[in-house]
Asks: 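So that we are looking at the same thing, I have put the structure below in structure tokens.
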Amino acid sequence: MENSKTGLNRRKFLASSLSCAVAAGVMGLSPRIASAQNAPAKENDKERKLIYREFGKTGWKIPIISMGVMRVPDPGIIKAAYEAGIRHFDTAANYQYGRNEQMVGNIVDKMGIRDKVIIGSKILIPAQREALTEKNAEERIDQLIDATLHRIKSDYIDVLYVHDVSNPEDISDPLILDNLKKAKKAGKVRAIGISTHTNMSSVINKMVEVGEYDAVLTAINFTMADDTELHNAIEKAAKAGIGVVAMKTMAGGANWPNPESRRNYDAQTVTRAALKWVMNNENIATSIPGFTNYQHLSDDIEIAYNLDYAPNERKLLEDNNIKLSMGFCRQCRQCLASCPYNSEIPTLMRIHMYAAQYADFYLARRTLDELPKNRGLQACTSCDTCLAECANSVNIPEKINDLKLMYA
Ligand code: SF4
């Protein structure tokens with residue numbers, strides 16, 4: 001399949017990038033073996049070696065660029081990512097209603113590379129956690145794990161995350177934690193973790209306190225540079241041996257809401273500046289950009305060779321207009337109190353991101369349908385009380401109006 005915008009298809013991608021992976025000596029090797037052969041890239045390094053980092057205390061070393069598979073339309077992109085040196089693939093039980101895990105499992109099985117890759121997946125979305133009781137928790141979690149194992153065609157999951165945790169109490173909930181530990185002891189899971197988009201610093205701090213988790217998948221990007229609590233929590237987690245994985249590194253995707261704001265920067269500058277900003281934090285083991293075509297894979301994998309900023313990348317990161325125009329909702333929930341009608345503003349902002357930036361209208365519709373009616377679009381009367389309530393310059397009323405045009 002050729003990307004109409006870039007003209008880059010699988011064959012052209014491989015021709016342009018495969019030689020780099022071969023030179024790096026990573027193809028066909030287990031992550032551990034490959035890492036031993038690949039020291040961090042140095043300036044002007046002619047051999048262009050991928051930069052590897054340790055994944056917490058797991059003993060794994062993986063490239064600093066991994067793959068978020070969530071929105072991938074074509075398993076050929078996963079194959080090309082592996083051939084380019086990527087060794088860690090992130091999916092979830094509820095992405096594409098299970099078909100995302102299936103796609104990863106099928107291609108990994110077909111290529112015969114199960115022992116050479118790390119598969120991260122996620123179970124127990126909030127609604128499933130709420131339905132757990134002392135009586136059903138063990139059986140229910142076991143069923144969810146077995147279903148994921150079946151879909152990824154494996155007898156183990158490398159990293160199993162509890163999906164989308166915002167309440168620190170969930171971290172120590174014995175109904176969850178004890179059963180994850182049982183799965184790990186039984187060998188069905190190699191590492192256990194938490195994924196978090198909201199209240200991240202409190203969630204991560206609690207994980208450190210509990211001391212049982214191996215990995216955390218957290219939202220972080222350059223629009224959150226002022227979130228010192230999050231940066232401190234990430235540092236604490238890394239020091240405690242928790243593998244930190246970054247998501248939302250592009251602040252909501254390549255299609256920024258205000259294209260005018262980026263007229264001075266080409267697409268590669270945007271991608272590379274954003275990803276380098278995240279991965280220059282050595283407390284973060286790897287990141288999972290969600291590239292969905294060969295051009296984006298090509299742009300993203302370049303970062304794994306060299307984290308030095310080009311002048312225009314540095315300029316973009318210092319450009320306050322860019323940060324303001326991004327309108328990235330960091331899900332901090334501070335705006336909630338401003339709404340007299342109790343609209344679930346952060347979730348509505350996330351739905352807007354799915355529709356306007358990911359162009360995933362199906363996921364947007366589904367997430368909207370999951371919201372209680374009295375907290376969704378119907379609750380909003382367009383009173384504009386929330387205008388200027390967001391510390392991250394999100395124009396909340398404008399985005400809600402967009403959603404009303406699309407879905408109300
Ligand atoms: S809209 Fe702004 S205040 Fe509300 S959750 Fe998002 S970032 Fe926080």
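Just so you know, ligand 1 is whichever comes first in the structure, and atom 1 is the first atom listed for that ligand. All heavy atoms count here, side chains included; hydrogens, waters and symmetry mates do not. All residue numbers refer to positions in the sequence shown, counting from 1. In this text, all values refer to a predicted model and were calculated from it rather than measured experimentally.
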Asks: As an exercise, identify every atom of ligand 1 less than 4.0 angstrom from a heavy atom of P346.
Replies: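 Going through ligand 1 atom by atom, the ones under 4.0 Å from P346 are 5 (S).
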
Asks: For atom 7 (S) of ligand 1, what's the nearest protein heavy-atom neighbour? Residue, atom name and distance, please.
Replies: R330 N, 3.3 Å

Asks: Starting from atom 5 (S) of ligand 1, locate the nearest protein heavy atom and write down its residue, its atom name and how far away it is, to 0.1 Å.
Replies: R333 N, 3.1 Å

Asks: Identify which of C390, S393, A337, C335 has a heavy atom lying nearest to atom 4 (Fe) of ligand 1.
Replies: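 Looking at heavy atoms only, C335 sits closest to atom 4 (Fe) of ligand 1.
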
Asks: Where the closest heavy atom to atom 8 (Fe) of ligand 1 is concerned, which of C386, C332, C329 has it?
Replies: C332

Asks: For the pair R272 and D266, find out whether any cationic side-chain nitrogen is under 4.0 Å from an anionic carboxylate oxygen.
Replies: no

Asks: Out of the candidates M200, K248, H197, only one should pair with T218 under the side-chain contact (heavy atoms from CB on, under 4.5 Å) rule; please name it.
Replies: M200

Asks: Below 30° counts as parallel, above 60° as perpendicular, anything between as tilted: where do the rings of F55 and W60 land?
Replies: tilted

Asks: Does E282 have more than 12 heavy atoms from other residues, nucleotides or ligands lying within 6.0 Å of its CD?
Replies: no

Asks: For R366, I'd like to know if atom CZ has over 12 heavy atoms of other residues, nucleotides or ligands within 6.0 Å.
Replies: yes

